[in-house]
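The structure appears below as structure tokens.
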Amino acid sequence: MKKLITLFIFLLFTTFLFSQENTIKISPKSLNSWSSILIKAEKKGMYYLIIKDSKGKQILKKEVNISNKKIFAFKNNFKNYKKGNYSFQLIQNDSIISKIDIEKIKE
């Protein structure tokens, strides 16, 4: 199982390294209790990841420092999030530079 997870993370990072845009990737594609979040930015610097629920209420604001590798990865526990749609926004200098919508299927 660990080899499979390592391979999956490697493939995700490889995809990120060869793309030249600001992106947010969530794995798995629907929120589970624990999900991985990968952020790739074109430029290094300070960013914010903001998660909002379907009503626009801010659920999480995380400061993200993108270094020389231009990739930031972390795991987040979504167990206490209600079923529904969530918006993930990557913000720099008060501008949204990347956004994705993800669904949480189970409570």
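This structure is a prediction, so every number in the text was calculated from the model and none was measured.
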Are [Y] and [X] linked, directly or through intermediate hydrophobic residues, by side-chain heavy-atom contacts shorter than 4.5 Å (ILVMFWY only)?
X: I91; Y: L60; answer: no
X: I50; Y: I39; answer: no
X: W34; Y: I24; answer: no

query: For Y48, which of Q89, E63, Q92 qualifies under side chain to side chain contact (heavy atoms under 4.5 Å, CB included)?
result: E63
Test of ring centre spacing under 6.0 Å for F74 and F72: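 Centroid separation for F74 and F72: below 6.0 Å.
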Rounded to the nearest 0.5 Å, how far does [atom2] of [Y] lie from [atom1] of [X]?
X: K82; Y: I59; atom1: NZ; atom2: CD1; value: 9.0 Å
X: N85; Y: K52; atom1: CG; atom2: NZ; value: 15.0 Å
X: K62; Y: I51; atom1: NZ; atom2: CD1; value: 9.5 Å
X: I26; Y: S35; atom1: CD1; atom2: OG; value: 7.0 Å
X: M46; Y: N65; atom1: CE; atom2: CG; value: 4.0 Å
X: I37; Y: L49; atom1: CD1; atom2: CG; value: 6.0 Å

Do you know the tightest heavy-atom contact between [X] and [Y]?
X: E42; Y: E21; value: OE2-CA, 3.5 Å
X: K40; Y: L90; value: O-CD2, 4.5 Å
X: N22; Y: A41; value: OD1-CA, 3.3 Å
X: N77; Y: K79; value: OD1-N, 2.9 Å
X: I102; Y: S30; value: CG2-CA, 4.1 Å
X: K44; Y: S67; value: CB-O, 3.5 Å

Is the shortest side-chain heavy-atom distance between [X] and [Y] below 4.5 Å?
X: F88; Y: L31; result: yes
X: Y81; Y: Y86; result: yes
X: I71; Y: I66; result: no

- request: Kindly say whether K55 contributes a backbone atom to a donor-acceptor pair with the side chain of D53 at under 3.5 angstrom?
  value: yes
